[in-house]
Amino acid sequence: MSLNATALRRTTRFGAAALVAAAALSLTACQGTGSVKVTGNGDGSSASGSSSSGSGGSTTATGAKSDGSGTGTGAGGAGHGSGTAATSDRCATDNLRLHLEQGDAGAGQIHYTLVLTNQGTSSCTMNGFPGVSVMRRDGSTVGKPATRSGGQTGAVRLAPGASAHVVLHTINQGMSDAGCWTSGQLLKVYPPNNTAPATVAAPNGSFQVCGDTFDTTTVQSGAAA
């Protein structure tokens, strides 16, 4: 074999080795320095995207929650989202003071005004009908809960110290053959959109329903009918 042929073969092997090394370096750089930007809707964690990067890549994810908005960042292709849920501003039972005013009798009809006052430290909203039942002092219920009278008038916004009211209605004794229920001393009241009740004392210590007639209006603004 000639000297020139041997030199040529060595040069060919060296060039092939250099190409392999360069390809390996290029692949490593691609895997170690790649970056991904992912966008998605949902909870911020269920985003989709594609990239040629592998381990060591960085990810930023943005997402919108159904009850707020969220952004997040993660490493190695994992992202997460955060958001603030909207909280209800309904008037909770614990923040209400109840007062039942003496009934107004006229033409055989008796109307009582039940006043609900916001004694909390922030404004709240009340909307709809309360649940109202007559009770004895021992906690037993008299008759049936009040039925609904009329339609809803819309939400009432109560600042701290402000009041809303409903009107309770029954009839005088003797106006109906149905007679009267046993008298109660308390009313159990479920303010609109609440599952916790409150109790309020009856005016002059007694509340009586006659003629099987007992109903309530929706919540209305102000402390008086």
Side-chain angles (χ1 to χ4, degrees), residues 86-225:
T87 56
S88 173
D89 67 346
R90 66 177 173 80
C91 296
T93 302
D94 288 346
N95 290 331
L96 293 172
R97 183 177 71 251
L98 276 60
H99 173 68
L100 185 63
E101 297 183 353
Q102 179 63 44
D104 176 26
Q109 310 298 310
I110 304 177
H111 297 90
Y112 296 84
T113 301
L114 175 62
V115 181
L116 305 95
T117 302
N118 178 15
Q119 60 181 1
T121 58
S122 59
S123 297
C124 64
T125 300
M126 193 178 297
N127 188 17
F129 294 86
V132 185
S133 297
V134 182
M135 293 176 56
R136 301 181 183 89
R137 292 193 188 281
D138 63 6
S140 59
T141 301
V142 178
K144 296 176 290 186
T147 59
R148 296 178 175 183
S149 175
Q152 285 191 210
T153 57
V156 176
R157 186 73 173 170
L158 297 181
S163 299
H165 73 278
V166 300
V167 177
L168 306 177
H169 166 247
T170 186
I171 62 176
N172 279 326
Q173 186 174 6
M175 293 293 296
S176 169
D177 294 336
C180 299
W181 299 351
T182 303
S183 295
Q185 294 75 45
L186 304 167
L187 292 185
K188 178 189 285 187
V189 180
Y190 291 86
N193 301 311
N194 279 273
T195 57
T199 56
V200 57
N204 300 320
S206 179
F207 191 99
Q208 188 174 50
V209 171
C210 293
D212 286 336
T213 301
F214 183 37
D215 54 65
T216 176
T217 65
T218 187
V219 172
Q220 303 169 55
S221 181

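Quantities reported herein were computed from a predicted structural model and do not represent experimental measurements. Position 1 is the first residue of the sequence, and the numbers go up from there.
- Considering all non-hydrogen atoms of both residues, Asn172 and Gln109 come closest at ND2-N, 4.4 Å.
- For Gln119, the side chain to side chain donor-acceptor pair (under 3.5 Å) test picks out no residue, with sequence neighbours left out.
- Summarising the geometry of Pro192 relative to Val219, their closest heavy-atom pair is CG-CG2, 3.5 Å, with the distance given to 0.1 Å.
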Could you pull out every donor-acceptor pair under 3.5 Å between side chains of residues 175-187 and any protein atom, sequence neighbours left out?
from: Ser176; atom 1: OG; to: Ala178; atom 2: N; distance (Å): 3.1
from: Trp181; atom 1: NE1; to: Asp212; atom 2: OD1; distance (Å): 2.8
from: Gln185; atom 1: OE1; to: Arg137; atom 2: N; distance (Å): 3.2

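- To the nearest 0.5 angstrom, Asn95 atom CG is 12.5 Å from Leu116 atom CG.
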Less than 3.5 Å apart, which donor and acceptor atoms pair up between the side chains of residues 139-147 and the rest of the protein, not counting sequence neighbours?
from: Ser140; atom 1: OG; to: Arg136; atom 2: NH1; distance (Å): 3.0
from: Ser140; atom 1: OG; to: Asp138; atom 2: OD1; distance (Å): 2.6
from: Thr147; atom 1: OG1; to: Phe214; atom 2: O; distance (Å): 3.3

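- Side-chain contact between Thr121 and Pro160 is absent, with no heavy atoms from C-beta onward closer than 4.5 Å.
- Atom-to-atom distance recorded for Leu114:CG and Thr217:OG1 is 9.0 Å, nearest 0.5 angstrom.
- Under the rule for a side chain to side chain donor-acceptor pair (under 3.5 Å), the partners of Thr117 that lie at least two apart in sequence or sit in another chain are Ser163.
- In this structure, the separation between CD on Gln102 and OH on Tyr112 is 6.0 Å, given to the nearest 0.5 Å.
- When all heavy atoms are compared, the tightest approach of Gly211 to Ile171 is CA-CD1, 3.8 Å.
- Here His111 pairs with His169 under the ring-ring contact (aromatic ring centres under 6.0 Å, His included) rule; sequence neighbours left out.
- Nearest heavy-atom pair across Ala223 and Val115 is O-CG2, 3.2 Å.
- Shown here for Thr93 and Pro197, the closest heavy-atom pair between the two residues is CG2-O, 3.7 Å.
- The distance from atom CG of Asp215 to atom CZ of Arg148, rounded to the nearest 0.5 Å, is 12.5 Å.
- Note: Gln208 CD to Gln173 CD = 5.5 Å, rounded to the nearest 0.5 Å.
- For the pair Leu158/Cys91, a side-chain contact is recorded, criterion being any heavy-atom separation below 4.5 Å from C-beta on.
- No donor-acceptor pair closer than 3.5 Å links the side chain of Asn204 to the backbone N or O of Ser206.
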Hey, can you pull the donor-acceptor pairs under 3.5 Å for the side chains in residues 122-132, sequence neighbours left out?
from: Thr125; atom 1: OG1; to: Asp89; atom 2: OD2; distance (Å): 3.3
from: Thr125; atom 1: OG1; to: Arg157; atom 2: NH1; distance (Å): 2.8
from: Asn127; atom 1: OD1; to: Gln152; atom 2: NE2; distance (Å): 3.2

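- Rounded to the nearest 0.5 Å, atoms CG (Leu168) and OG1 (Thr170) are 10.0 Å apart.
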